[in-house]
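I have placed the structure first, in the form of structure tokens, so that the comments after it can refer back to it.
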Amino acid sequence: MANIKSAKKRILVTKTKTERNKAIKSGVKTAMKKVTAAIEAGDKAAATVALQAATSEIDIAAKRGVYHKNNAARKVSRLAAAVSKMA
């Protein structure tokens, strides 16, 4: 256990940021699963709406530094390609 005050503070700050990042990542994964579920169900309208929500979640995560901007762009691109490929 840390004895120095600044080290104790870093532990608390790291814990807080880790919880925040975990919550944001979880939200992104849930949004992506909703898009995938709509694609598998064959519902293009629902997939398009879910894609908009997922894109927003992913962009917010990238803006907050949870995901690298290229990682976020790749996730959005793959989802968009999957939705546009639907018949």
Side-chain angles (χ1 to χ4, degrees):
M1 184 64 198
N3 291 324
I4 298 168
K5 187 175 182 179
S6 62
K8 290 179 182 177
K9 181 179 178 185
R10 290 309 317 158
I11 290 169
L12 292 174
V13 169
T14 301
K15 183 181 176 203
T16 304
K17 287 186 175 186
T18 301
E19 289 171 358
R20 177 182 144 251
N21 291 346
K22 191 183 277 189
I24 292 170
K25 281 185 180 184
S26 177
V28 168
K29 287 178 190 174
T30 302
M32 290 176 70
K33 284 179 189 174
K34 286 180 182 175
V35 175
T36 307
I39 291 170
E40 288 175 0
D43 189 355
K44 185 152 181 139
T48 306
V49 172
L51 176 64
Q52 276 188 319
T55 302
S56 177
E57 288 268 345
I58 292 168
D59 288 343
I60 289 169
K63 187 182 83 175
R64 292 181 178 167
V66 177
Y67 287 118
H68 189 275
K69 66 176 185 164
N70 291 355
N71 187 348
R74 184 177 66 243
K75 286 180 187 300
V76 169
S77 176
R78 287 180 179 172
L79 286 175
V83 170
S84 66
K85 202 165 79 171
M86 289 178 70

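Heads up: numbering here begins at 1 and tracks the sequence.
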(message) Would you compute the distance between atom NZ of Lys44 and atom NZ of Lys85 and round it to the nearest 0.5 angstrom?
(response) 12.0 Å
(message) I'd like to check the side chain to side chain donor-acceptor pair (under 3.5 Å) partners of Asp43; sequence neighbours left out, ordered by chain and number.
(response) none
(request) Under the side chain to side chain contact (heavy atoms under 4.5 Å, CB included) rule, collect the residues that match up with Ala38, sequence neighbours excluded. (result) Ala46, Ala47
(message) Can you confirm whether Leu12 is buried at CG, in the sense that more than 12 heavy atoms of other residues, nucleotides or ligands lie under 6.0 Å from that atom?
(response) yes
(request) List for me each residue that meets side chain to side chain contact (heavy atoms under 4.5 Å, CB included) alongside Val28, sequence neighbours excluded, and say none if there are none. (result) Met32, Glu57, Ile58, Ala61, Tyr67
(message) Show the nearest heavy-atom pair for residues Thr14 and Thr18, with the distance to one decimal.
(response) O-OG1, 2.7 Å
(request) With sequence neighbours left out, write down each residue that passes side chain to side chain contact (heavy atoms under 4.5 Å, CB included) with Thr30, or none if nothing qualifies. (result) Ser26, Lys34
(message) Between Lys15 and Glu19, is there a side-chain heavy-atom distance shorter than 4.5 Å?
(response) yes
(request) Would you indicate whether the side-chain heavy atoms of Leu79 and Thr55 approach each other to under 4.5 Å? (result) no
(request) Could you list the residues that satisfy side chain to side chain donor-acceptor pair (under 3.5 Å) with Arg74, not counting sequence neighbours? (result) Asn71
(message) Within this structure, what is the CD1-NZ distance for the pair Ile24 and Lys63, rounded to the nearest 0.5 Å?
(response) 10.0 Å
(message) Using the side chain to side chain contact (heavy atoms under 4.5 Å, CB included) criterion, which residues pair with Ala2? Sequence neighbours excluded.
(response) Ala7, Lys8, Ile11
(request) Mind listing the closest non-hydrogen atom pair of Val35 and Leu51 along with its distance? (result) CG2-N, 3.6 Å
(message) What's the separation between atom NZ in Lys29 and atom NZ in Lys33, rounded to the nearest 0.5 Å?
(response) 7.5 Å
(message) Count I, L, V, M, F, W, Y as connected when their side-chain heavy atoms are under 4.5 Å apart, and connections chain through other members. Are Ile60 and Val49 then in the same cluster?
(response) no
